[in-house]
Amino acid sequence: MTGGNHPQRVILAGGGHAHLAVLADWAAHVLPGTERILVTRERHLAYSGMLPGWMAGRYRAEELLIDLAPLAEAAGARLVLDDVVGLDAAARHLRLASGEALSFDLLSLATGGTIATEGFAALGARLLPVRPVERFMAGWQAFCAAGPGQVVAVVGGGAAGVELALAAARRGHHVHLIAPAAGFMPGHGGWARRLARTALARAGVTIHASMARAVSDGLVLDDGTILPLDLAIVATGSGPPGWLADSGLALDPSGFLLTGADLRSTSQPAIFAAGDIAARADLVLPRAGVHAVKAGPVLAANLRSALTGTPLRAYQPGKRRLALLATGDGRTIALWGQFAAAGRWLSRVKDRIDRGFIARYTRRT
Ligand SMILES: Cc1cc2nc3c(=O)[nH]c(=O)nc-3n(C[C@H](O)[C@H](O)[C@H](O)COP(=O)(O)OP(=O)(O)OC[C@H]3O[C@@H](n4cnc5c(N)ncnc54)[C@H](O)[C@@H]3O)c2cc1C
């Protein structure tokens, strides 16, 4: 990719966890010969590590929201608050919800994942998907305004579902966690699952080893029981955004954008991606914030290299990743590969790590 006389237009689509390091890189070192744009839906990014803590009432919203406007300004990037609704990879332009079309020379995508909610439509206003996170936060806040003692069902037994169920119980609701047996803390060892079950039992959360489908009266479980509820939080894992399907980019069988280890699209050299929207062609990477964050500096370096034609780096994830699950009662479960431990002291460690992350990306203007 050559600069020529015209500035190269570099667009970051989505102010996701994966793009924070890119914005920091641009703020620290000039990216010569470029016009930079950050197009994202909302001005603030909610740091997912602290979301369950906010839900449980331990953090105020301001404590986990990262303001992207000062980061974009420091990076010399124009901030466009809009939704990407289409991408034509060959023509190199993005279509926005406002009707605007943005052409680009280099594009990086970190718009995160989506939650499929089609099967839950019968619940109407009682349905609260965990994504988009901004809408989830508004919905949870409105729900809690009606007071405790309501019935909340969390659909999805991954680490996020467990944390959300524990947080909801902490707010004094009657909580049900619904996931098939194989979908309870998948990818974690037996000890981790036992610690999670103990925490859920202590919090009074009822676990249903079942799939769930919605009818107007509530959620139907595998044995035909109908679970009436006031709110269903759907946390069934990330799916790809619908607009990727028509982008002309190489996708994996589930519809995620396929990249190499260098985070570059396998089919379009002008497009990079990291975080939940991407799937690696060379390995299976769990969709987790920790990978989005850790891929960020490699993404930053590779966007520079793509502009100058220098070799790209690979993002090599470690074999194990540390996951810290807040249990809502002041304890935290630490997961490291097959190793797991729980304790109050781990909550202090988690709090320090989380606040440190927020501080790193908080610019005082
Ligand atoms: C409740 C919960 C708890 C979690 N806890 C953890 C945890 O403790 N540890 C961990 O490793 N992972 C955790 N995760 C997973 C983690 O949140 C994701 O893996 C991570 O956020 C992915 O980062 P990303 O950069 O891909 O996108 P995201 O961080 O999801 O950000 C996407 C950004 O793009 C914007 N956007 C979305 N769509 C569009 C669009 N069409 N146009 C423009 N902008 C758009 C959004 O507004 C947002 O700014 C959790 C997830 C949930 C739901």
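At distances below 3.5 Å, not a single donor-acceptor pair connects side-chain atoms of S305 with backbone N or O atoms of N302. When atom types are taken as modelled, the side chain of R321 and the backbone of V290 share no donor-acceptor pair closer than 3.5 angstrom. Of the possible polar contacts, one joining the Q268 side chain to the A270 backbone as a donor-acceptor pair under 3.5 Å is found. One N or O on the side chain of W243 and one on the backbone of V84 form a donor-acceptor pair closer than 3.5 Å. Using a distance-only test at 3.5 Å, with no hydrogens or angles considered, no donor-acceptor pair links the side chain of D282 to the main chain of G260. In terms of modelled atom types and a separation under 3.5 Å, the side chain of S210 and the main chain of D222 share a donor-acceptor contact. Put simply, the side chain of R193 gets close to the backbone of H188: a donor and an acceptor are under 3.5 Å apart. Judged by distance alone, the side chain of S347 and the main-chain N or O of T332 form a donor-acceptor pair under 3.5 Å. Put simply, the side chain of R126 gets close to the backbone of S216: a donor and an acceptor are under 3.5 Å apart. No donor-acceptor pair under 3.5 Å is formed between the side chain of T206 and the backbone N or O of H176.
Classified by interplanar angle (parallel below 30°, tilted 30° to 60°, perpendicular above 60°), the ring pair H17/F357 is parallel. Between Y315 and H291, the ring planes are perpendicular. Angles over 60° get that label, and only those under 30° would be called parallel.
One distance of note links NZ of K350 with CD1 of I333; it measures 11.5 Å at 0.5 Å rounding. In this structure, L195 CG and T327 OG1 are separated by 10.0 Å, a value rounded to the nearest 0.5 Å. Between the OG1 atom in T266 and the CG atom in D252 there is a gap of 10.0 Å [rounded to 0.5 Å]. One distance of note links CD of E134 with CG of L65; it measures 9.5 Å at 0.5 Å rounding. Between the CZ atom in R36 and the CH2 atom in W26 there is a gap of 6.5 Å [rounded to 0.5 Å]. Taken to the nearest 0.5 Å, the CG atom of L123 stands 9.0 Å off from the CG atom of L231.
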Kindly determine whether V130 and M55 satisfy side chain to side chain contact (heavy atoms under 4.5 Å, CB included), including the steps that lead there. CA-CA 11 Å; V130 78; M55 233 183 120; over 6 Å; no
Is there a side chain to side chain contact (heavy atoms under 4.5 Å, CB included) between L79 and E73? Walk through the geometry before answering. CA-CA 8 Å; L79 178 63; E73 192 184 342; over 6 Å; no
Go through the steps for F104 and L87 under the test side chain to side chain contact (heavy atoms under 4.5 Å, CB included), then give the verdict. CA-CA 11 Å; F104 58 83; L87 164 61; 3.8 Å; yes
Would T362 and D67 count as a side chain to side chain contact (heavy atoms under 4.5 Å, CB included) if you check the C-alpha gap in whole Å, the side-chain angles of each, and the deciding distance to 0.1 Å? CA-CA 7 Å; T362 302; D67 189 349; over 6 Å; no
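Looking at H19 and L45, their side chains never come closer than 4.5 Å, going by heavy atoms from C-beta outward. A 4.5 Å side-chain heavy-atom check between Y59 and D351 finds at least one atom pair inside the cut-off. Looking at heavy atoms from C-beta onward, C144 lies in side-chain contact with H173 at the 4.5 angstrom threshold. Two residues are said to be in side-chain contact when any heavy atoms from C-beta on lie closer than 4.5 Å; R58 and M50 fail this criterion. Considering only heavy atoms from C-beta on, D354 stays 4.5 Å or farther from E63 through its side chain. Two residues are said to be in side-chain contact when any heavy atoms from C-beta on lie closer than 4.5 Å; L325 and L166 fail this criterion. At a threshold of 4.5 Å between non-hydrogen side-chain atoms, the residues L285 and P317 count as touching. A heavy-atom distance below 4.5 Å is found between the side chains of T259 and R280.
Between D329 and R170, none of the side-chain N atoms (NZ, or NE/NH1/NH2) sits under 4.0 Å from a carboxylate O, so this pair counts as no salt bridge. Salt-bridge annotation for D83 and R41: present, with a side-chain N of the basic residue lying under 4.0 Å from a carboxylate O of the acidic one. Salt-bridge formation is not detected for the pair R95/D246: no Lys NZ or Arg NE/NH1/NH2 atom is positioned less than 4.0 Å from an Asp or Glu carboxylate oxygen.
Tracing side-chain contacts under 4.5 Å through hydrophobic residues (I, L, V, M, F, W, Y), one never reaches L324 starting from V162; they form parts of separate clusters. A continuous path of hydrophobic side-chain contacts links L312 to L283 [ILVMFWY only; heavy atoms under 4.5 Å]. Following chains of ILVMFWY side-chain contacts shorter than 4.5 Å, one can reach W345 starting from I353, so the two form part of one hydrophobic cluster. L346 is not connected to L200 by any chain of hydrophobic side-chain contacts under 4.5 Å among Ile, Leu, Val, Met, Phe, Trp and Tyr, and they are in different clusters. Note: the hydrophobic cluster containing I271 does not contain L12 (ILVMFWY, side chain heavy atoms under 4.5 Å, direct or indirect links).
The two residues A295 and L263 make their nearest non-hydrogen contact at O-CD1, 3.7 Å. Here the closest non-hydrogen pair linking W54 and A61 is CD1-N, 3.5 Å. Contact detail for A274 and L299: the closest heavy-atom pair is CB-CD2, 4.0 Å. Across every non-hydrogen atom of G161 and L177, the tightest pair is O-CD1, 3.8 Å. S254 and P240 make their closest contact through O-CG, 3.2 Å (heavy atoms, listed as atom of the first residue, atom of the second, distance). In plain terms, the two heavy atoms of L68 and H44 that are nearest each other are CD1-C, 4.4 Å.
Exactly one of I37, L106, L109 qualifies for a side chain to side chain contact (heavy atoms under 4.5 Å, CB included) with I11. That residue is I37. The side chain to side chain contact (heavy atoms under 4.5 Å, CB included) with S265 is formed by just one residue from the set L107, L258, L249; it is L249.
Applying the 6.0 Å contact sphere to CZ of R344 captures more than 12 heavy atoms from other residues, nucleotides or ligands.
Judged by the 6.0 Å distance and 45° axis criteria, R171 is not positioned over the aromatic ring of F143.
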